[in-house]
Amino acid sequence: MTSILITGASGFLGSNLTIRLIQEGNRVIGVDNNYTGRMSNLSRIINHPNFTFIEHDIIEPLTVDEKIDQIYNLACPASPVAYQGKHAILTTKTCVYGVINMLELAKKHQATLLQASTSEIYGEPLEHPQQESCRGNVNPIGIRSCYDEGKRCAESLCFDYMRQENVSIKIVRIFNTYGPHMDPNDGRVISNFILQALRGEDLTIYGDGSQTRSFCYVDDLIEGIIRMMNSPRSFCGPVNLGNPGEFTVQELAQKVLARLRPNGKISYQALPSDDPTRRRPDISLAKEKLGWQPQVALDEGLDKTIAYFKTLI
Ligand code: UDP
């Protein structure tokens with residue numbers, strides 16, 4: 001039985017990953033400080049004999065007595081609403097101190113560490129679509145930089161632990177992901193639009209809605225992450241994981257309205273600073289190295305996500 005530690009286990013991606021790995025017969029130790037995660041996300045497996053939950057903030061070192069084979073480091077506030085403002089410093093600490101603590105744990109256990117990096121490291125993209133070779137165009141002093149630069153530093157630390165300490169590392173750059181277990185309050189565009197439509201409120205578009213994103217359904221993303229973790233040691237990435245289907249925010253709003261409130265209205269609000277104007281992953285590397293590509297188109301994924309949010313209302 002593979003023994004797997006997952007940080008951010010009660011969050012959106014962490015809980016989906018934890019549930020799948022438990023269902024596949026693995027031993028899972030879930031770690032979270034429950035700052036942005038929710039224990040209700042883990043209710044299906046919380047009492048499973050192969051699952052243990054540790055409430056812990058990875059900013060602090062973590063000791064685990066039992067043997068660990070794999071560490072998925074997913075812990076971090078991930079939505080702009082969660083990481084900006086008064087939690088900015090905490091976000092950088094989680095990225096930097098957190099990955100150091102998890103890399104030290106990986107070194108001690110001779111475990112492989114998979115780091116959840118992000119399309120945000122490309123900043124305002126200079127190339128489109130974004131390939132892994134793209135070095136990024138990030139504002140180092142802006143309101144998003146706690147997350148962007150934190151994640152960039154985490155990638156750098158992973159590579160230095162590999163070169164200096166021979167730790168086995170894997171880096172995935174995750175593009176916008178959606179689906180069941182998204183936090184209804186974290187301000188992401190898909191959760192906001194669906195909840196606003198269900199509540200009969202206007203949909204809030206920031207800016208004119210011409211900015212684009214490429215939305216990946218969570219089951220596809222989790223499949224890619226697991227394939228990356230179990231790929232040969234020599235392939236450490238970074239590798240883009242996302243759905244190349246690209247939509248404007250305006251198009252997304254129309255899709256949600258068509259499903260839930262055909263006569264609903266849109267309220268246009270100020271665009272947050274440094275909000276990337278476009279984003280689409282080039283997934284050639286994931287296709288070649290992992291045999292992975294998304295299976296769920298946005299229309300199908302939106303239907304599943306709407307069904308999930310209806311259960312919360
Ligand atoms: N956005 C929007 N209305 C909302 C929430 C977000 O128009 O209620 C926009 C946001 O400005 C960005 C895009 O949707 O251009 C995606 O935002 P999200 O926070 O989901 O992800 P990220 O900015 O991290 O890609």
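Side chains are part of it too, since the values below use all heavy atoms of this structure and drop only hydrogens, waters and symmetry mates. Note that ligands are numbered from 1 as they come in the structure, with each ligand's atoms numbered from 1 the same way.
Between the side chains of Gln70 and Thr2, not a single donor N or O lies within less than 3.5 Å of an accepting N or O. Residues His181 and Tyr308 bring no donor and acceptor atom of their side chains to less than 3.5 Å of each other. Of the N and O atoms on the side chains of Ser117 and Glu155, at least one donor lies less than 3.5 Å from an acceptor on the other residue. Side chain to side chain, Glu246 and His128 meet the donor-acceptor criterion of an N or O pair below 3.5 Å. Between the side chains of Asp282 and Gln131, at least one donor-acceptor pair of N or O atoms lies under 3.5 Å. No hydrogens or angles considered: nothing links the side chains of Gln250 and Ser210 as a donor-acceptor pair under 3.5 Å.
Under a 4.0 Å heavy-atom criterion, Arg144 is in contact with ligand 1. Not close to ligand 1: Ser79, with no non-hydrogen atom less than 4.0 angstrom away.
Of the polar atoms of Pro276, none of the N or O atoms is found under 3.5 Å from an N or O of ligand 1, judged by distance alone. The shortest N or O to N or O distance between Gln196 and ligand 1 is not under 3.5 Å.
Residue-level proximity to ligand 1 for Gln211 is carried by the side chain, the only part with a heavy atom below 4.0 angstrom. Using a 4.0 Å cut-off between heavy atoms, Arg279 contacts ligand 1 through its side chain alone, with no backbone atom that close. With a 4.0 Å heavy-atom cut-off, ligand 1 is reached by the side chain of Asn192 but not by its N, CA, C or O. Contact annotation for Val249 and ligand 1: only side-chain heavy atoms (C-beta onward) come within less than 4.0 Å of the ligand.
In this structure, of Thr204, Asp186, Ile190, the residue bringing a heavy atom nearest to atom 3 (N) of ligand 1 is Thr204.
Annotation: Phe247 is not in aromatic contact with Phe215 [ring centroid separation under 6.0 Å not met].
Protein heavy atom in closest approach to atom 18 (P) of ligand 1: Arg188 NE, 3.7 Å.
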